[in-house]
Every structure is written in structure tokens, then in C-alpha cells.
Amino acid sequence: MRKKHILFFVRYAVILLFSLAFLIPFCWMIITSFKDPIKVFTIPINWWVDSFDFENYAKFFTQYDGWRYIWNTVKLAAINIVGVVLSNGIVAYAIAFLKFRHKKVIMALLLITMMMPGTVTFFPQFLVYVKLGWYGTLMPLWVPAFLGNAYYIFLLRQYYLTIPQPILDAARVCGCGHFRMLWQIVMPMAKPVFIIMVLNTFVSVWSDLFGPLIYILNEEQYTFPVLLSYMNSSYGNAGTLPTIMAGGVLSAIPTLLVYFLGQKVMIKAYVFKSGDK
């Protein structure tokens, strides 16, 4: 019994040490966002502030027009969420329940695309977008969401197959067509997977710097991560660092809320059994 207690203590001590390694930079970011610029690089480091002054946060919204960039990111995330839910929900239903030739081959090709790194597919996609005249617009950042995602299609298909067959047979007897069955029966029963898709899509768009930096040319359409990168590269000094840290805190809050509020749903979506209906 004593050995078990020692192992328990060591295990949680290691977890605590690793947690501190990740939390210390985050805590420093929060504290710096409230500091006066003069006190940012004082030695020794002051791990507390004299007063919680929100001047740096106000400056982020007034001097750098932070609301506009946040709104641009939220709009882009909302469009992507709609596209991801519609496209993946429909395609996964077809692969799970419809009968057509070469379905297994299509599923195999779909899974193969998951093995291709983004660095391989980026340049061909970029050329396609340029030929279509989409370069310099927001279309490359939201149109792919309406074309399906291999991972989400596979995840939804596996979840769809856990739906009891008698429920689907009863719906067909009552005259339900495929679309009515999808919207009223299949999608509501697969709610955990759709929630995880929404959460992951929001976090992905919210934190995406590469895509907007490549495709957006109009400054008024820049997203939140692009603004933070611009602030860091153009004004990254001791005088503006607290404002940049304030933007970093605002950027981290939605992601933390998503994972904190959705962790139970995430577990239910990823860990499911054929008996979980």
C-alpha cells in the first residue's frame, strides 16, 4: 500500500511540474498585460502588479482597432462552422447509409488524404486559387469548409454506424426521405460529434495565422492573429509589449473557454461504443 501511495505522489508531482512549465509563460503574459511599459523588463522580475490597470486593453481596442480584427475572425469562423457542419454531415451520411458502387474505394481514398501533410497540398491549392481569381479574397479561407474534411467525415461515419438500425427502419416506414432522416434523426443523435466539429473549427480559424497572412491583401479584412503578428513585428518593443500581451490574453480566452466548457462533449465524441445511443 505504501508503494502505491509513493507512485501516486510521484505521478502527480511530475504532472504538476510539467503543468508549471506551461503555466509560467501564460501567467507572465497576463501579468505583463497589466504592467506599465517601464516596469516590463525590471530585474528581478516582478511577478505581481501594483494595480490592475486596463489601460493596455483599452489601447488595444482604440489605438489598434482590435474590435474590427476580432469581428473579422468571428465572421470567418462562423462561415467555416456552417460549411463544416453541412458538408461533412451530408457526405458522412451518404458513405454510412447509401449503397453505391466503389464506396469502399472512395472511403479508402478519403483516408489516404488524411496521411498527406499540409505542406504537400498547399502549393497546388495555392495555384488553383490563383487560377480561379480567389487570391487576395477571403474565399480560400472559407470555401474549402463546404467541400468536406476527411477526418470529420470518417469520425461522423463511425458515429452514424452506432445508431440503432430499428430507429432508421421505423423512420423509413413513416415515410422519411434521406434528407429528413439526416436532419431530424441522424444529426441530432450525433450531436457530440457535431459539437466537437464546431469547437475545433472555431479554434482552428481563431488561431490561424498562415492562411490569412498568405491570401488576404486588404488590411481591413485581416484577422486577429494577423494583427498580433503585425503588432509584434512592427511595434515589438518594451513600450508596446504590454499592449501586445493584452491582445495575447484576449486571443487565449476563447480557446480556453472552448476547451473548458466542451471537454465533456469532446470525451463523449471521441470515446463512444456501439451501445452508447
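Keep in mind that what you see is a predicted model, and the values were worked out from it rather than measured.
For residues 68-84, the set of pairs meeting the salt bridge (charged side-chain N to carboxylate O under 4.0 Å, His left out) definition, not counting sequence neighbours, comprises D65-R68. Legend: salt bridge (charged side-chain N to carboxylate O under 4.0 Å, His left out) pairs involving residues 100-113, not counting sequence neighbours: none detected. The list of salt bridge (charged side-chain N to carboxylate O under 4.0 Å, His left out) pairs with a residue in residues 159-185, not counting sequence neighbours, reads D169-R172.
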Show every donor-acceptor pair shorter than 3.5 Å between a side-chain atom in residues 7-20 and any protein atom, with sequence neighbours excluded, or say none if there are none.
residue, atom, partner, partner atom, Å
S19, OG, I15, O, 2.7

Which atom pairs, one a donor and one an acceptor, fall under 3.5 Å between side chains of residues 76-91 and the rest of the protein, sequence neighbours left out?
residue, atom, partner, partner atom, Å
N80, ND2, L76, O, 2.8
N80, ND2, L141, O, 3.1
S87, OG, G83, O, 2.7
S87, OG, A145, O, 2.9
S87, OG, G148, N, 3.4
N88, OD1, N149, N, 2.7
N88, ND2, V84, O, 2.8

Using residues 210-219 as the side-chain source, report each donor-acceptor pair under 3.5 Å to any protein atom, sequence neighbours left out, with the distance given to one decimal.
residue, atom, partner, partner atom, Å
N218, OD1, E220, N, 3.2

Kindly list each side-chain donor-acceptor pair under 3.5 angstrom involving residues 125-139, sequence neighbours excluded, with atom names and distances?
residue, atom, partner, partner atom, Å
T137, OG1, W134, O, 2.5
T137, OG1, M139, N, 3.3

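Checked against ring pair (Phe, Tyr, Trp, His ring centres under 6.0 Å), W67 has the following partners two or more places apart in sequence or in another chain: F61. Evaluation of the ring pair (Phe, Tyr, Trp, His ring centres under 6.0 Å) rule for Y93 yields F97, H178 as partners, not counting sequence neighbours. Taking the ring pair (Phe, Tyr, Trp, His ring centres under 6.0 Å) definition, one finds that Y57 meets it with F34, F54, sequence neighbours left out. In terms of the ring pair (Phe, Tyr, Trp, His ring centres under 6.0 Å) criterion, residue partners of W206 (sequence neighbours excluded) are, by chain and number, F202, F224. Among residues two or more places apart in sequence or in another chain, the side chain to side chain contact (heavy atoms under 4.5 Å, CB included) test is passed with I31 by K35, W47, V49.
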